[in-house]
Amino acid sequence: MAVTTKTKYWLMKTEPDVFSIDDLKASKDGSTHWDGVRNYLARNFMRDQMQWNDRVLVYHSNANPSCVVGTARICKTAYPDFTAWDPQDPHFDPKSKADHPTWYMVDIQFESKFSMPLSLAQLKEMPKLEGMELLRKGSRLSVQPVTKLQFDTIFKLGKPS
DNA sequence: GCCAACGTTGGC
DNA sequence: GCCAACGTTGGC
């Protein structure tokens with residue numbers, strides 16, 4: 001049975017000092033594997049729910065200021081995060097085994113860079129974004145679902161046509 | 001650099 | 001199963 005499912009919307013955090021939206025854009029084919037997620041809830045979203053062509057808001061955390069800076073698409077669904085098996089990798093995790101991976105990743109592809117990045121402070125001012133996970137005090141989830149309204153609201157402001 | 005919030009670990 | 005200690009995230 002063919003299953004068609006609706007596009008889902010996500011937000012993914014990255015530290016621009018480590019990997020920025022410009023780094024994504026400059027990657028081969030504008031895409032990269034989103035390795036290093038070591039949180040079970042974030043993993044579950046990637047492994048169990050992300051579908052090809054889902055849309056992603058890219059957020060720069062630990063930045064000045066921290067901003068939503070652009071968008072991407074899921075271009076490859078979940079597969080084992082091989083960096084967990086590499087003792088030299090900062091995200092090495094001996095719990096993860098080749099025959100029973102603990103951690104997963106997806107590939108994302110650059111879609112757009114905002115002409116107007118939207119800072120956390122700006123987002124907090126927007127009534128339509130009330131309840132958004134990113135805006136919750138103490139929120140640390142690096143991969144999180146957003147609603148279509150949240151995505152569209154941010155996309156419209158960040159990348160005016 | 002500070003520190004609040006959070007997730008994980010491990011003793012019991 | 002409880003919970004204190006610890007390490008990490010991430011805003012400021």
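Chain letters run A, B, ... following the sequence lines, proteins first and then strands; every chain starts at 1.
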Worksheet, complete the sentence: Separation of C/dT9 atom P from A/Leu41 atom CG, nearest Å, is 16 Å

Practice prompt. Determine whether A/Tyr59 and A/Ser61 make a side-chain contact, defined as any pair of heavy atoms from C-beta on separated by less than 4.5 Å.
Written response: yes

Worksheet item: Which nucleotide, B/dG7, C/dG11, B/dT9, lies nearest any side-chain atom of A/Ser61?
Response: C/dG11

Worksheet item: Is A/Leu120 touching bases, backbone alone, or none of the nucleic acid, heavy atoms closer than 4.0 Å?
Response: sugar-phosphate

Discussion item. Closest approach to the side chain of A/Lys124, judged atom by atom: which nucleotide of C/dC12, B/dT9, C/dT8 is it?
Written reply: C/dC12

Worksheet item: When the distance from CZ of A/Arg43 to P of B/dG7 is rounded to whole Å, what number comes out?
Response: 15 Å

Worksheet item: With a non-hydrogen cut-off below 4.0 angstrom, is A/Arg136 in contact with a base, only sugar-phosphate, or nothing?
Response: sugar-phosphate

Fill in: Between C/dT9 (P) and A/His91 (NE2): distance, integer Å
8 Å

Worksheet item: Whole-Å distance between C/dG7 C1' and A/Arg38 CZ?
Response: 16 Å

Worksheet entry | side chain to side chain contact (heavy atoms under 4.5 Å, CB included) partners for A/Asn53, two or more places apart | A/Arg73

Discussion item. I need the minimum non-hydrogen distance between A/Pro80 and A/Trp85, along with the two atoms involved.
Written reply: CB-CH2, 3.7 Å

Practice prompt. For A/Leu141 and C/dT9, give me the distance from atom CG to atom P, rounded to whole Å.
Written response: 13 Å

Practice prompt. Round to the nearest Å and state the distance from A/Asn39 atom CG to B/dA5 atom P.
Written response: 18 Å

Discussion item. Below the 4.0 Å mark, does B/dA4 have OP1 or OP2 next to a side-chain nitrogen or oxygen of A/Lys137?
Written reply: no

Fill in: A/Tyr40, nearest nucleotide to its side chain (from B/dT8, C/dG11, C/dT9)
B/dT8

Worksheet item: Using 30° and 60° as the class limits, which term best fits the ring planes of A/Tyr79 and A/Phe82: parallel, tilted or perpendicular?
Response: tilted

Response to the item:
When rounded to whole Å, the CD to P distance for the pair A/Gln144 and B/dG7 reads 13 Å

Discussion item. Below the 4.0 Å mark, does C/dG11 have OP1 or OP2 next to a side-chain nitrogen or oxygen of A/Tyr59?
Written reply: yes

Discussion item. Nearest to the side chain of A/Arg140, heavy atoms from C-beta on, is which of B/dT9, C/dG11, C/dG7?
Written reply: C/dG7

Discussion item. How many whole angstroms separate atom CD of A/Glu133 from atom P of C/dG11?
Written reply: 12 Å

Worksheet item: Is the distance between the ring centroids of A/Tyr104 and A/Trp34 less than 6.0 Å?
Response: no

